[in-house]
Amino acid sequence: MKLEVELRHPMQGFTLDVAFAAPPGLTVLFGRSGSGKTTVINAVAGLLRPERGRVALGGETLQDSASRIWLPPHRRRMGYVFQDARLFPHLSVRQNLGYGRWFAKTSGPTSFAQVIEMLGIGPLLDRRPGALSGGERQRVAIGRALLANPRAILADEPLAALDEARKGEILPYFERLRDETKIPILYVSHSAAEVARLATTVVVLQDGRVIRQGSAAEVLADPAVTPLGARAAGAILTARVVAHHADGLTELEAGGERLFLPRISHPEGTALRLRIPAQEVILSRQRPEGLSALNILSGHVAQIRSGDGPGALVSLSTRAGTVLARITRRSATALELREGTPCHAVIKSVAIAPEDIGR
Amino acid sequence: MKLEVELRHPMQGFTLDVAFAAPPGLTVLFGRSGSGKTTVINAVAGLLRPERGRVALGGETLQDSASRIWLPPHRRRMGYVFQDARLFPHLSVRQNLGYGRWFAKTSGPTSFAQVIEMLGIGPLLDRRPGALSGGERQRVAIGRALLANPRAILADEPLAALDEARKGEILPYFERLRDETKIPILYVSHSAAEVARLATTVVVLQDGRVIRQGSAAEVLADPAVTPLGARAAGAILTARVVAHHADGLTELEAGGERLFLPRISHPEGTALRLRIPAQEVILSRQRPEGLSALNILSGHVAQIRSGDGPGALVSLSTRAGTVLARITRRSATALELREGTPCHAVIKSVAIAPEDIGR
Amino acid sequence: MTWLGPEEWQAVALSLKVSAWATALSLPLALLVAHALARGRFVGKALLNGLVHLPLILPPVVTGYLLLLSFGPTGTLGQALASVGLTLAFHWTGAALAAAVMGFPLMVRAIRLSIEAVDPKLEQAAATLGASRLWVFATVTLPLILPGLIAGAILGFAKAMGEFGATITFVSNIPGQTQTVPSAIYAFLQVPGGESAAARLVMISVALALGALLASEALARRAARRVAGT
Amino acid sequence: MTWLGPEEWQAVALSLKVSAWATALSLPLALLVAHALARGRFVGKALLNGLVHLPLILPPVVTGYLLLLSFGPTGTLGQALASVGLTLAFHWTGAALAAAVMGFPLMVRAIRLSIEAVDPKLEQAAATLGASRLWVFATVTLPLILPGLIAGAILGFAKAMGEFGATITFVSNIPGQTQTVPSAIYAFLQVPGGESAAARLVMISVALALGALLASEALARRAARRVAGT
Amino acid sequence: EQITVFAAASLKTALDDIAAGFEATTGNSVALSFAGSSVLARQIGLGAPAQIFISANPEWMDWLAEQGRIDPTSRRDLVSNRLVLIAPAGHAPSHPLADLAAGPGRIAMALVEAVPAGIYGKAALTHLDLWDQLAPRVVQTDNARAALALVATGAVPYGIVYATDAQAEPRVMPLYTFDTDTHPPIRYPAALVTGQDSAAARALLDHLASAEARAILFRHGFLPVEE
Ligand SMILES: Nc1ncnc2c1ncn2[C@@H]1O[C@H](COP(=O)(O)OP(=O)(O)OP(=O)(O)O)[C@@H](O)[C@H]1O
Ligand SMILES: Nc1ncnc2c1ncn2[C@@H]1O[C@H](COP(=O)(O)OP(=O)(O)OP(=O)(O)O)[C@@H](O)[C@H]1O
Ligand code: MOO
Ligand SMILES: [Mg+2]
Ligand SMILES: [Mg+2]
């Protein structure tokens with residue numbers, strides 16, 4: 001199912017004017033504070049009636065100002081995780097979680113028990129929202145939206161209030177949703193790691209306008225665009241789990257190259273997306289020896305882009321795929337890198353962090 | 001001024017029982033969602049009256065259940081940035097910002113104009129909170145607390161709702177507050193980078209108890225403790241700006257060693273704190289040549305700790321200070337590292353990101 | 001009890017019956033009207049609002065007289081209702097109607113204020129979860145305005161216990177049938193030396209109404225505590 | 001105007017004066033009491049609450065009679081006030097007192113509901129910014145309850161415009177001094193054929209009260225819009 | 001059988017006694033509904049289920065007669081009353097009218113344009129050439145009993161009320177009884193309501209006019225109607 005969005009809505013001192021399509025999978029809305037992300041999501045959910053616009057989900061038109069179609073919010077069945085949790089204060093956590101289920105004809109892809117487990121909110125079920133911490137509230141809000149068996153998910157910075165460990169527990173769930181169900185997910189996040197790990201498509205907003213949209217691999221690997229700031233650039237490789245070793249490392253294979261990572265849980269044979277952050281990659285003209293880094297990919301320079309700053313972004317074509325490396329211009333000069341220069345990419349095992357591995 | 005906190009407060013299914021001291025500077029309260037951070041801050045602000053406890057600020061007792069002292073919140077003058085912004089809905093942004101100034105006898109260390117500028121909320125001054133985005137609200141809340149000229153600052157995840165660029169603009173302000181004023185800052189954050197950059201002292205909470213407290217350098221560099229999760233371990237070096245080069249790099253000196261970073265704005269001669277994340281460091285037995293990484297520090301292994309996982313945390317004594325490296329156990333074995341082994345640390349210039357440089 | 005005659009006890013019982021029915025029957029309508037006034041946008045809203053307040057503005061006797069004109073045996077509404085077997089004038093049901101009408105503005109205001117205090121964002125959240133407007137109202141708005149609803153009910157009940165002018169004008173003061181406590185008090189006050197009997201009735205009705213008040217406060221506190229989450 | 005005599009116009013003017021004073025003077029006290037009931041914790045709270053509701057529960061004549069007993073020329077309070085030069089009985093000031101007392105429970109309830117709807121977290125935020133309890137009230141609570149305050153005021157005003165029983169019992173009916181519109185209407189209704197004159201007065205007082213109502217609604221809407229932020 | 005009687009409120013005690021006697025002898029039950037004459041008359045005009053109406057003045061009875069709502073043949077004046085000037089007990093002036101005129105005390109009366117006791121009182125004072133002088137000092141109440149209460153509680157030093165009221169209130173004393181020729185005759189007419197009459201109702205009306213009932217009325221201070 002595809003979610004098509006076309007909106008125009010002027011507000012005091014701010015005009016939203018966007019058009020994008022969110023294909024199946026997870027589309028990240030990315031942009032600075034005040035760029036219009038929440039406004040877009042509200043319009044898709046039917047909570048804001050834009051001056052002009054059209055929203056269609058899998059061929060069904062939810063609203064169209066031209067033909068005066070307007071489906072009210074409760075008929076849209078969007079699982080909306082609000083930026084401010086908006087739990088029902090008079091209901092217990094359990095009742096909050098169950099609220100959407102009353103209205104859903106069928107139950108969703110995930111059972112109540114699974115969601116509770118994933119969110120770690122088991123001990124809170126009989127409390128009321130007033131007696132929860134900020135992060136607990138946000139987790140319940142996520143559960144409530146997911147359990148409503150929605151046709152699409154709208155998540156507005158769902159993990160912002162959570163600690164890293166908790167994020168690490170919830171992210172895989174969004175991955176599963178993205179990969180195993182057909183429902184489109186619109187996801188707002190400021191976290192580069194989250195975006196990189198989750199996004200199928202990235203839509204970048206600025207001052208109410210879309211300034212860039214495309215597949216995550218495209219937007220994130222294009223050295224001409226570093227929507228997340230230079231530090232977030234990175235390439236995405238597709239790899240397959242080969243073996244789990246006794247010393248706690250997992251061996252992967254990507255286009256015939258071997259990669260070692262700290263042990264991950266996926267079974268042998270699983271296909272994975274690995275994000276290799278550009279700034280974690282060291283380049284070397286000779287194949288380096290005696291280094292603590294275990295992963296070395298050989299290839300040749302495909303492109304070098306230097307911007308205003310001291311850095312340069314080098315794309316290296318390897319058998320495993322394109323790898324991005326962010327190095328200093330001084331190093332690029334010292335190593336005499338040009339297009340076509342043969343070169344090795346050195347990547348620490350631990351630099352490929354768990355949160356950058358997704359399916 | 002030192003903030004001393006000692007609290008015991010049982011709640012339904014959760015008991016807070018903490019004692020810690022926040023010396024001048026910035027103390028980060030760190031812990032998982034629901035560990036009691038907001039509860040501690042509420043008690044310090046006087047919004048929660050704990051069953052037992054004592055809070056003292058610079059020798060003045062704000063509350064003491066033993067001697068029945070209780071200073072009401074408005075006499076404590078704590079600049080509290082709430083986890084949920086809590087702006088006054090009936091006041092404009094300008095009036096919200098000015099609210100605390102009515103009551104402050106003197107104006108704070110920062111002018112109204114400076115705060116507006118730093119937070120980028122100039123165009124919003126005449127709006128009401130209802131017409132702000134989530135991040136805009138949070139920024140106004142920060143401004144409101146800072147402008148009240150408080151005797152201490154309590155900031156509960158103040159930057160969680162903000163994009164990286166905006167964070168990058170506000171973080172230096174907290175640094176200046178930490179370094180230039182005497183007021184203690186209690187700061188809740190889930191972001192390892194923020195903690196590392198800002199913290200003078202770190203207090204780690206778990207289930208309502210303090211499980212670790214100490215100076216940031218100590219807590220963050222101690223390989224026995226990685227309170228922020230393994231990925232957040234890192235060492236802090238003290239360095240001095242030597243020169244700004246034409247190719248956009250800044251040269252620093254630390255204990256006689258040279259380090260190169262992407263250009264930073266501090267003038268020559270400035271002393272800086274640099275955080276070198278352990279996972280960004282590659283170790284090599286020979287001095288490596290022909291690598292894109294510009295920074296190589298020589299030293300010898302001081303300690304190796306391996307935990308349950310595949311990783312090992314190696315502390316390397318160098319002339320610049322102790323550097324932590326997170327490598328795989330397999331590499332440690334391959335490089336035959338033991339205590340005392342001479343070794344080189346390879347650090348990419350771009351790996352030392354701007355947000356890890358503080359004063 | 002020796003100090004109140006059977007007629008007076010009848011009046012007490014009748015007042016309770018009348019007040020309970022008046023409160024119970026007007027509450028749902030008050031809820032509807034309050035919701036329309038708080039959230040609705042329709043022509044004639046100002047008119048409806050004015051109409052609701054009318055019993056407050058008019059001297060009670062006038063209200064009673066207007067009720068008699070419309071719901072009396074000769075009034076069109078009265079005749080229509082009589083044809084379906086419902087007599088109001090000079091009947092306890094009419095006393096309940098009078099009490100309900102007089103308490104209506106108080107109920108509506110209390111409920112309306114509560115509805116206006118409900119954060120529409122919560123109602124929006126319920127809508128995104130699939131609740132139609134009716135369901136949103138039943139599962140979110142209604143529980144959240146419970147304290148206001150209780151306040152409205154107790155105001156209506158207290159007013160009904162004290163209502164005199166409209167009641168005596170509309171249904172007269174027939175012992176055992178339409179003589180409420182205030183009517184009985186009035187009758188006692190009309191005769192020299194009736195003050196002590198009147199005072200006894202006053203005390204009883206005050207005790208009953210205060211009892212209801214205390215109970216309502218306890219209920220409202222419980223409802224509010226549920227929302228506060230502790 | 002030819003269809004109302006000068007005495008009736010006097011009654012209209014007096015009713016407006018009485019209602020305005022009653023509303024203006026009781027509003028601050030109602031605010032205080034509402035705040036105490038909504039947020040306070042003190043012994044005698046239930047008693048205060050009951051006392052406030054008393055004028056609603058009692059037949060108006062009884063309230064008027066009690067006022068006469070306490071504030072009349074022979075009452076202790078009346079004598080105390082008389083010694084400082086304030087006469088209430090048989091004076092328009094007494095009509096204002098009666099109207100204020102009768103409208104008091106309505107005002108208190110409206111304001112109390114609004115106060116209970118204010119998020120204490122906002123008040124806490126103000127306190128951390130240095131505002132004492134009084135300042136918090138003045139700068140946060142008060143502006144936020146403005147719609148409730150306006151509702152309370154208009155309820156009080158409307159009630160004052162319609163109040164009859166307590167007023168005539170306490171201050172009697174002295175044309176030009178204490179004859180309010182309801183008293184005049186009552187007098188017209190006492191004589192055969194007085195209906196049309198009564199109806200004219202009813203229309204005038206309804207028009208005035210509805211005008212006040214509309215104005216109050218507009219004010220309240222503005223206050224609410226300010227808070228909603230649009 | 002139940003008979004519903006709408007009666008002026010000032011008759012309450014006397015009628016309660018009479019009805020009790022009637023119930024005991026006939027076995028019929030009597031429901032007495034007391035309110036102001038105007039309220040009762042209007043209710044009967046609009047179809048109230050009353051069999052008998054007893055008014056405190058002839059005007060409302062006339063008004064109903066014009067509408068055909070009462071049976072004119074059944075109409076009869078039950079009793080009469082006198083108007084007295086009263087003061088709180090213990091006050092013993094020698095020249096009551098002169099003292100009253102000298103002032104400055106207020107005078108409590110029922111509404112002088114609307115309520116019978118007030119209308120009669122105003123007529124009497126006018127006849128005595130005192131009205132214009134006293135009018136500014138008159139406080140008007142919605143019924144005669146309220147005027148009595150004002151004097152009884154000491155709130156007002158003078159009042160003009162029915163003799164029946166003054167007699168029953170120990171806290172007041174009559175100062176002066178107005179001559180009957182100073183005001184229109186005070187009458188309490190009773191009649192059967194059209195379309196509601198029954199044998200029992202007629203019997204009750206007859207009983208009200210009986211010597212036995214009149215004796216009770218006189219005991220409460222009412223006076224016989226002088227023809
Ligand atoms: N009113 C309450 N009654 C009972 N338990 C409460 C209440 N308020 C909070 N708690 C519990 O106290 C614990 C600490 O809450 P607190 O808000 O301090 O957490 P926190 O560390 O700030 O978490 P977060 O990062 O999610 O904001 C949580 O487990 C929470 O469920
Ligand atoms: N009611 C309103 N009236 C006028 N402008 C508004 C209103 N609500 C929001 N805005 C403005 O619209 C813009 C977009 O707001 P929106 O909430 O969509 O931002 P966002 O991208 O979600 O930001 P954040 O990351 O801070 O949540 C902001 O500049 C905001 O100030
Ligand atoms: O109730 Mo009357 O009509 O003054 O006697
Ligand atoms: Mg937003
Ligand atoms: Mg918290």
Side-chain angles (χ1 to χ4, degrees), chain C residues 37 45-46 49-50 53-63 65-66 103 105-106 109-114 116-118 120 147-148 151-152 154-155 157-159 161-165 169 180-183 185-186 189 195 198-199 201-202 205-206 208-210 212-214 217 220 224 228, chain D residues 37 45-47 49-50 53-63 65-66 103 105-106 109-114 116-118 120 147-148 151-152 154-155 157-159 161-165 180-183 185-186 189 195 198-199 201-202 205-206 208-210 212-214 217 220 224 228:
Chain C
L37 289 176
K45 183 165 156 176
N49 195 14
H53 281 83
L54 220 50
L56 208 59
I57 302 162
L58 293 177
V61 181
V62 172
T63 306
Y65 190 54
L66 293 176
L106 316 186
R109 220 14 126 146
I111 300 172
R112 179 176 163 189
L113 278 171
S114 295
E116 284 169 344
V118 171
I154 191 63
L155 283 175
F157 185 83
K159 176 76 209 163
M161 288 295 287
E163 214 306 298
F164 164 65
T169 311
T180 58
V181 171
S183 302
I185 292 172
Y186 169 80
L189 285 180
E195 286 88 354
L201 275 178
V202 164
S205 91
V206 165
L208 290 173
L210 289 191
L213 183 69
L214 281 182
E217 294 283 339
Chain D
L37 289 177
K45 182 166 159 178
L47 194 77
N49 194 15
H53 282 82
L54 220 49
L56 208 60
I57 302 162
L58 293 176
V61 181
V62 174
T63 306
Y65 193 65
L66 293 176
L106 316 186
R109 216 22 123 145
I111 300 171
R112 178 175 163 188
L113 278 171
S114 295
E116 284 169 343
V118 171
I154 191 64
L155 283 175
F157 185 82
K159 176 75 210 165
M161 287 296 285
E163 214 305 299
F164 165 65
T180 58
V181 172
S183 299
I185 291 172
Y186 179 80
L189 285 178
E195 291 86 355
L201 274 178
V202 163
S205 90
V206 165
L208 289 173
L210 288 191
L213 184 69
L214 281 182
E217 294 282 339

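Only heavy atoms go into these numbers, but all of them, side chains included; no hydrogens, no water, no symmetry mates. In what follows, chains carry the letters A, B, and so on, assigned in the order in which the sequence lines appear, proteins first and then strands, with residues in each chain numbered from 1.
Proximity of Ile185(C) to Val61(D): side-chain heavy atoms (C-beta onward) are nowhere separated by under 4.5 Å. Under the 4.5 Å side-chain criterion, counting only non-hydrogen atoms from C-beta, Ile154(D) is in contact with Arg109(C).
Note: Ala151(C) leads Ala198(C), Ala117(C), Ala151(C) in heavy-atom pairs under 4.5 Å with chain D. When each of Glu217(C), Arg112(C), Met161(C) is checked for heavy-atom pairs under 4.5 Å with chain D, Glu217(C) comes out on top. Among Leu208(C), Val202(C), Leu155(C), the residue making the largest number of heavy-atom pairs under 4.5 Å with chain D is Leu155(C). Chain D forms the most heavy-atom pairs under 4.5 Å with one residue out of Leu214(C), Val206(C), Asn49(C), Leu106(C), and that residue is Asn49(C). For the options Ala209(D), Gly50(D), Ala158(D), Pro182(D), heavy-atom pairs under 4.5 Å to chain C are most numerous at Ala158(D).
Residue Glu116(D) does not touch chain C at all, counting heavy-atom pairs closer than 4.5 Å. Neither the backbone nor the side chain of Phe157(D) comes within less than 4.5 Å of any heavy atom of chain C. Looking at Ile57(D), the atoms closer than 4.5 Å to chain C (heavy atoms on both sides) sit in the backbone and in the side chain alike.
Rounded to the nearest 0.5 angstrom, Leu54(C) CG and Leu210(D) CG are separated by 6.5 Å.
Looking at every heavy atom in both residues, Gly162(C) comes nearest to Pro60(D) through O-CD, 3.9 Å. Taking each heavy atom of Leu113(C) and Ser114(D) in turn, the nearest pair found is CD2-OG, 3.9 Å.
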